[in-house]
Amino acid sequence: MQHDDVIWDIIGNKQFCSYKVKTKTQSFCRNEYNITGLCNRSSCPLASSQYATIREEKGQCFLYMKVIERAAFPAKMWEKVKLCKNYEKALEMIDENLIYWPRFIRHKCKQRFTKITQYLIRMRKLVLKRQRKLVPLSRKVERREKRKEEKALIAAQLDNAIEKELLERLKQGTYGDIYNFPVHAFDRALEQQDEESEEEEEEEDEEEEEEDEEDVGRSEFVAEEELEEDDLSDFEDMNKLRTSSDEEEEEEEEESSEEEEETKASRSKGKSPANGSAPRRKRAFVEIEYETEPAPKSTASL
């Protein structure tokens, strides 16, 4: 038979326990089946014949239960029950399995289960987030790469200097008619010149726009422009053309007014019919001319 009080008197107070960790304020328990992690009478798994706890294995929670009837078989002492991943259903399963256990153990099992589910959720969130991966680098590799970079920089500077010198000589025409040089470098130099010219044009346009913006709202006093004789003669010709066109328009208006007066007078002279109907207009006289071709003269036979 197992005597819980005797075991606690030996482990807890007087003798040594390998799972106990003492601090200045409190003592802790390192046993994996401990429900609270504290070393006291109610939460000690060794000194309790009826005990239960929650454990997590690879993201899955399990309920472990210990009964006094299985104390003679240490390999089969703990009964393992897999809990549902749904939080509410898992709590119902804990209540069903621990219906005859003390209230303290039932409450602590639920509390431990909630803490485990919370840190599992945090673990999943951290896995989904981007994390920095620390890659170890040896000093020898770093030194070797630094030397390679320095050598590459020196070589690049030399190549650029040689390329510039050759391009300047080509522009000056020192080599004459040489056609076996690489065209890529020459094309690149031409592109650079085009880019520089475009940048200069853009800068000039920007300066002009700035000057125009500065001139906005500024008032200046300007003298009258002196007209030359040619300009005056042009103005006189324009005035003559305008007067001649005005005279022609007046003549046309007078003619149209006279024609209207004549038509009115002719209408007033004619008698109006008794019916009140409008007088009939006379038809216009049309002359038709017929052209007849003369018959061809018969030629006398010789």
With rounding to the nearest 0.5 Å, note down the distance linking [atom1] in [X] to [atom2] in [Y].
X    : Y    : atom1 : atom2 : answer
F113 : L63  : CZ    : CG    : 10.0 Å
L91  : N86  : CG    : CG    : 9.0 Å
L126 : I121 : CG    : CD1   : 12.0 Å

Can a donor-acceptor pair be found, under 3.5 Å and without considering hydrogens, that links the side chain of [X] to the backbone of [Y]?
X    : Y    : result
S49  : I68  : no
T114 : Q111 : yes
N31  : Y19  : no
K82  : Q60  : no
R30  : S18  : yes

Practice prompt. Supply the members, apart from Y100, of the Ile/Leu/Val/Met/Phe/Trp/Tyr cluster built from side-chain contacts under 4.5 Å; use none for a lone residue.
Written response: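 The other cluster members (ILVMFWY side chains, heavy atoms under 4.5 Å, direct or chained) are I99.
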
Residues in salt bridge (Lys or Arg N to Asp or Glu O under 4.0 Å) contact with K164, at least two apart in sequence or another chain:
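K164: no salt bridge (Lys or Arg N to Asp or Glu O under 4.0 Å) contacts found.
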
* Asked: With a 6.0 Å cut-off on ring centres, are Y51 and Y64 close enough?
  ->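 No, the ring of Y51 stays outside the 6.0 Å limit from the ring of Y64, centre to centre.
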
*asked:* Any non-hydrogen side-chain atom of L98 less than 4.5 Å from a side-chain atom of C109?
replied: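 Yes, their side chains come closer than 4.5 Å.
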
